[in-house]
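A quick write-up on the structure given underneath.
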Amino acid sequence: MTSVGHLEAPGTEDDTAPTGTVTYLEAIRAALGDAMREDDRVFLLGEDIGAFGGAFGVTTGLLDTFGEARVIDTPIAEEGFVGAAIGAAWMGERPVVEFQFADFLSCAFDPIVTVAAKTHWRSGQSIPITIRCPTGGGVRGGPFHASSPEGWFVGTAGLKIVCPGTVEDAYGLLRAAIDDPDPVLFFEHKRLYRTLRAAPAAEGHRTPIGPAAIARAGSDVTVVTYGSGVSTALAAADVVHGDVEIVDLRTVWPLDEETILASVVKTSRVLVLQEASRSIGAAGLVLSLIARNAFEDLDAPPALHAPPDTPVPFAPELEDAYMPSVASTVAALDELLSY
Amino acid sequence: MTSVGHLEAPGTEDDTAPTGTVTYLEAIRAALGDAMREDDRVFLLGEDIGAFGGAFGVTTGLLDTFGEARVIDTPIAEEGFVGAAIGAAWMGERPVVEFQFADFLSCAFDPIVTVAAKTHWRSGQSIPITIRCPTGGGVRGGPFHASSPEGWFVGTAGLKIVCPGTVEDAYGLLRAAIDDPDPVLFFEHKRLYRTLRAAPAAEGHRTPIGPAAIARAGSDVTVVTYGSGVSTALAAADVVHGDVEIVDLRTVWPLDEETILASVVKTSRVLVLQEASRSIGAAGLVLSLIARNAFEDLDAPPALHAPPDTPVPFAPELEDAYMPSVASTVAALDELLSY
Amino acid sequence: MPTEPCAEAPSVGAEERVDLFRLVLLQRLFESRVMTLYRQGRIVGSVYTGHGQEAVAAGAGLALGPDDVVAPLNRELACHFARGTTPADAFRNFLGKGTGPTFGRDGNMHFGAPERGIFPLVSMLGDLVPVVTGAALAFKRRGERRVAMTFLGEGTFSVGDTHEGLNLAAVWQVPAVFVIQSNRYSYSTPVAKQMVNTNISQRIYGGWSIPAERVDGTDALAVLDTVRAAVERARNGNGPQAVEALSVRMHGHAAHDDARYVPAGMREEFAERYDPVERLAARLILDGFDEEAVQEMRDAALAEVDAGLIEAEQAPAPDPAALEDGVYASPPGSGLLRSAP
Amino acid sequence: MPTEPCAEAPSVGAEERVDLFRLVLLQRLFESRVMTLYRQGRIVGSVYTGHGQEAVAAGAGLALGPDDVVAPLNRELACHFARGTTPADAFRNFLGKGTGPTFGRDGNMHFGAPERGIFPLVSMLGDLVPVVTGAALAFKRRGERRVAMTFLGEGTFSVGDTHEGLNLAAVWQVPAVFVIQSNRYSYSTPVAKQMVNTNISQRIYGGWSIPAERVDGTDALAVLDTVRAAVERARNGNGPQAVEALSVRMHGHAAHDDARYVPAGMREEFAERYDPVERLAARLILDGFDEEAVQEMRDAALAEVDAGLIEAEQAPAPDPAALEDGVYASPPGSGLLRSAP
Ligand SMILES: Cc1ncc(C[n+]2csc(CCOP(=O)(O)OP(=O)(O)O)c2C)c(N)n1
Ligand SMILES: Cc1ncc(C[n+]2csc(CCOP(=O)(O)OP(=O)(O)O)c2C)c(N)n1
Ligand SMILES: [Mg+2]
Ligand SMILES: [Mg+2]
């Protein structure tokens, strides 16, 4: 409701924001622009990304700056344009594909897991494509426009998955993804687009693909999370009785096993927090890692805070109950700390 | 090489087998035939399943018995015929779809997770389709014909996933899947087609969808496994020094949490064994379950025995090293028992 | 330029014309109301309308018999109404009510009524083409004289599932009818960026051998006449049929979209002459109804919409505690799916 | 009936005819050897041949320039050879050798040579159509006069990815060439069960507005002539082009398939008159080569195949310890991906 011409996402771009700050969405746009300026091989493919600026306005202005050969409106053909990006990458280009919603990754699942993921291992040909996936709920999108489908790809050899939870990483992980010689799925969270705001990352900043970050150091309990979970966990840490360490995975696959395990060893308690429903997402892999490798170091069973196993519901009453909130995260932490 | 006209799978159908026994493949064929005889709503869709009998010969003879209206050769159109099965199911039919290889599920990922999985929850309309997926390696299939892709669907609300590991369950789970009002993915293992042989299940036998089975009772260590892992685990149990209990999941999603946890509580040690590469499949979910719910009951960290995170390699030297074998399973159990 | 009345179509009887008028009015008035509620923040999420395309939804909807089935997309509200869905039902969905057709689990046009032969809309474009092909296959298998229909826009025509579904329908020669909504745009993308030959009826015959006709999608009588003929050909065993209905999407893609990418004046000029509601009103006048009678029909439709909203607003909100109900038609055995937090 | 020589094709020079003959011979002899090795159990997995279709692979392969790129399927071994892949390379793949083009990780025709502009075959049919479209998009974006080609069978034409890829190529007007291998069957399924109008060149123009020609796929000269013209049209900015090559699949779908579903005698009758290798041999005789010269070419090709096999057999087996190498071109930072068992 706040932006005319683009899909509503909470927050605004041009309100009374502190000067010198940018939104998460603007950070993504800046990363695209900077990458395109620096490297002719970078071009964009997606539905309505040209004059219209994409469903969420992320690519607004890029057509004017870079022209039609570098900002390409596609027909509705997700497996087609992912395949085309792969072909262009084979020819040495650095295509960046925009999905209108991450949910529609289902439609291009095959070229992603079959062609993009396996080609380097099978032939030595690298496939440097970046797939931008507007993900997540909290925007009243319902079962087809609000899911967190990264779990479809977690564990797939040959793919990399990044989920920025901060403005800086929105910029830095996207730059790193575009640099990267491997196929990278970049999950940008719709609810963070205009609600997350911070000083812009330095131009050219890269958040390396691989390492997790300690978003908050603490000694009593570790929260392992990513994407929208990072700000939720930070807010929960401020109110919970206990000193919370937060591991922001940033790269959700392959996992930074060392950082996760080091934190768990340090705090001896761990909560995995994710927005994806409880039996998908990255939680299983993270909990499996911890159970197998930090068993002796834990003072309490590892815990999981995630939505129930259903699609994301539409009605506000349902979606609000479904999504992990600061309050529900605090409750989960309290329970874990009192074990 | 053993069967003319169909894809080679180890073993033979007509050798000097004990009388009164059937193969895993024959059990599947019998389940299809019995279901079709009993219920006019059951019909088959797939590539080359009619006169040719399907890539592996599973449907051999069914066209002759039931005619073209019930054994339908399709064009190459996986998302099309899965969608068509959904539409027929909406009209009250009980379609059974054959994929030529489970790997090609990637091509129909969208209608499975989007339409089949979500429709009942969203509307109350049940979608009783069964999707038969010839799965797994050990047949020199390489990266596109030997994978174990059940993990793509594990955790998806609305789907059910069954993976028979015995001749009886090949029959009984398929009958139950066809009866079931929900969409069921039936993973039939190619290596078991002609190597697994036993007395046939009683006609009409159903293996209920949901409950796991205790394939072997034991007191020292639990192996949680499914599909091809069941016979591997049974063989390993015979030689390992320790009393092994084997939980055959049968239904891989949703998990029978009670049976898994009860066994782990009983033995205090658990190894998860799967053919899917280590970071996909059902292992993450099973280990997450155990870590969260049986932490206090374990005497050793839960362990995982699974292939590395790569596609399935083609060359015999590679595939044999890649696949969990009886020997490697024994080694994993020895290590766990000596913890 | 004055409104062009619907062309005379002898196959469409007087009563049907009144029915059509009610349907196009209901869609128009319902969707206008929804836009207002959206602007007021009383409806959340996305809101799509079929403004300018009501004649396609109404005509195709009435072309179906009671035992036929249909998978509408998001421009075809009148097709739902044609099958007995009430404005209250539809409002309950837009408002996310617990007793709505999706129990508050889905919103806006993402609903159906399987029990009335309406498949619930799936967002992933193209997915419904194979679904209706499969329903039609069931009819053919069982020798039932029923037809399955779906709608698709130009953009949806570019999707792989559409190709697979059309080809299966053609190869199997099943009684499916595909109504193409050619409304010039797909979101912001003009049809010339979706395909080279923008005459989809030519493409559908040339590519898939499915007989296809073009019809003026702003003329409800013509739509009913043409689609009914296609439905009857399908019903009579002539295999799948297609109708391409030409219209203009008069709103943005959805309520949030001001469609500034559309050439200035295009929609206004079109509306003046080809507004499907007004074309049908003008036809009714030519048919001998007086202005007053037509106004009464307008009032009656508005009253239906008003009453539907009031009824829907009273419906209970969904209960979060019941969220996991219905994930399965048959939940696996007890003790399953209940795991510690 | 005697073998019908390839028709005279003035555009194809004498040297090219000899090159074509070498290529069809290499494919035929290589694949015959592979079938033997398979029957002996020395090659495992699946074995597909292009027996009967060698002229398509050879002609299309030679139609490409050195900077062009191609994504062959599994009937186009001669196309690999045309680009410099050797029989030894190909044998190393069939034998699963560690130094083969897929390092023993994939088998049979599932390989390419990205560095020579050959994309490694992906089994999922249809996937390569968008891939070559994207390669062609890169050429167009950069103003390079290069062309990207792929092949597809009738069955592959039914896949959604094919539709999306063809449509993207058409909308973007990129220099892509699609060679349709109409060999009458898809596995056991006759083309009439894949589609209603089995004239794919008509379909491809009618459905996707891509200019398409039919050519006799058993006549290597005609294939080279026709495909080269299509390649040059694409190169000169006329957008995507298609050629439908008519042939007969002379073996089963793969080595395990005895193709008992094919009408008795069909293949034998066809072979007698239209064997692509013999048609070209007959042409060379008409061109003035004597039997001896032609026999020498046959012998040379056989020697190439024999030497390739010997070379390949000496290659080392793959090392299981290296299996995880190369999953990523750039493996994420140290300490990752190494987890306790
Ligand atoms: C597979 C898929 N990709 C993208 C979208 C997002 N989307 C929803 S409607 C739409 C435009 C559809 O255009 P068209 O088919 O012409 O129908 P119209 O909106 O004009 O009625 C898009 C891109 C989607 N729903 N599904
Ligand atoms: C998406 C997909 N479905 C099924 C298969 C299995 N398959 C491999 S080849 C083939 C037949 C292909 O027929 P066609 O396209 O006519 O090519 P031809 O084999 O005749 O050269 C099939 C069904 C596959 N590889 N990919
Ligand atoms: Mg449109
Ligand atoms: Mg073929």
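Computation of the quantities below employed the complete heavy-atom set of this structure, encompassing side-chain atoms and omitting hydrogens, waters and symmetry-equivalent molecules. Protein chains get the first letters and strands the later ones, always in sequence-line order, with residue 1 at the start of each.
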Checklist line | Heavy-atom pair count under 4.5 Å with chain D, highest-scoring of C:Ile200, C:Ile210, C:Val159, C:Asp161 | finding: C:Val159
Notebook entry, point to check: When the ring centroid of C:Phe178 is compared with that of C:Phe151, is the distance short of 6.0 Å?
Noted result: no
Checklist line | Per-residue contact mode, D:Gln173 against chain C (heavy atom under 4.5 angstrom) | finding: side chain
Item checked: Under 4.5 Å from any heavy atom of chain C - which part of D:Asn167 -> side chain
Note to self: Can you tell me how the ring of C:His80 sits relative to the ring of C:Phe111, calling it parallel under 30°, perpendicular over 60° and tilted otherwise?
What the structure shows: tilted
Margin query: Taking atom OH as the centre, does D:Tyr205 end up with more than 12 heavy-atom neighbours from other residues, nucleotides or ligands that are less than 6.0 angstrom away?
Written below: no
Note to self: Heavy-atom cut-off 4.5 Å, strictly under: side chain, backbone, both or neither for C:Gln202 against chain D?
What the structure shows: backbone
Next item on the list: Decide if the gap between the ring center of C:His253 and the ring center of C:Tyr185 is smaller than 6.0 angstrom.
Entry: no
Note to self: Quick check on the interface: out of C:Gly165, C:Gly126, C:Ser158, C:Ala170, who has the most heavy-atom pairs with chain D under 4.5 Å?
What the structure shows: C:Ser158
Notebook entry, point to check: Would you call the rings of C:His163 and D:Phe157 parallel, tilted or perpendicular if under 30° counts as parallel and over 60° as perpendicular?
Noted result: perpendicular
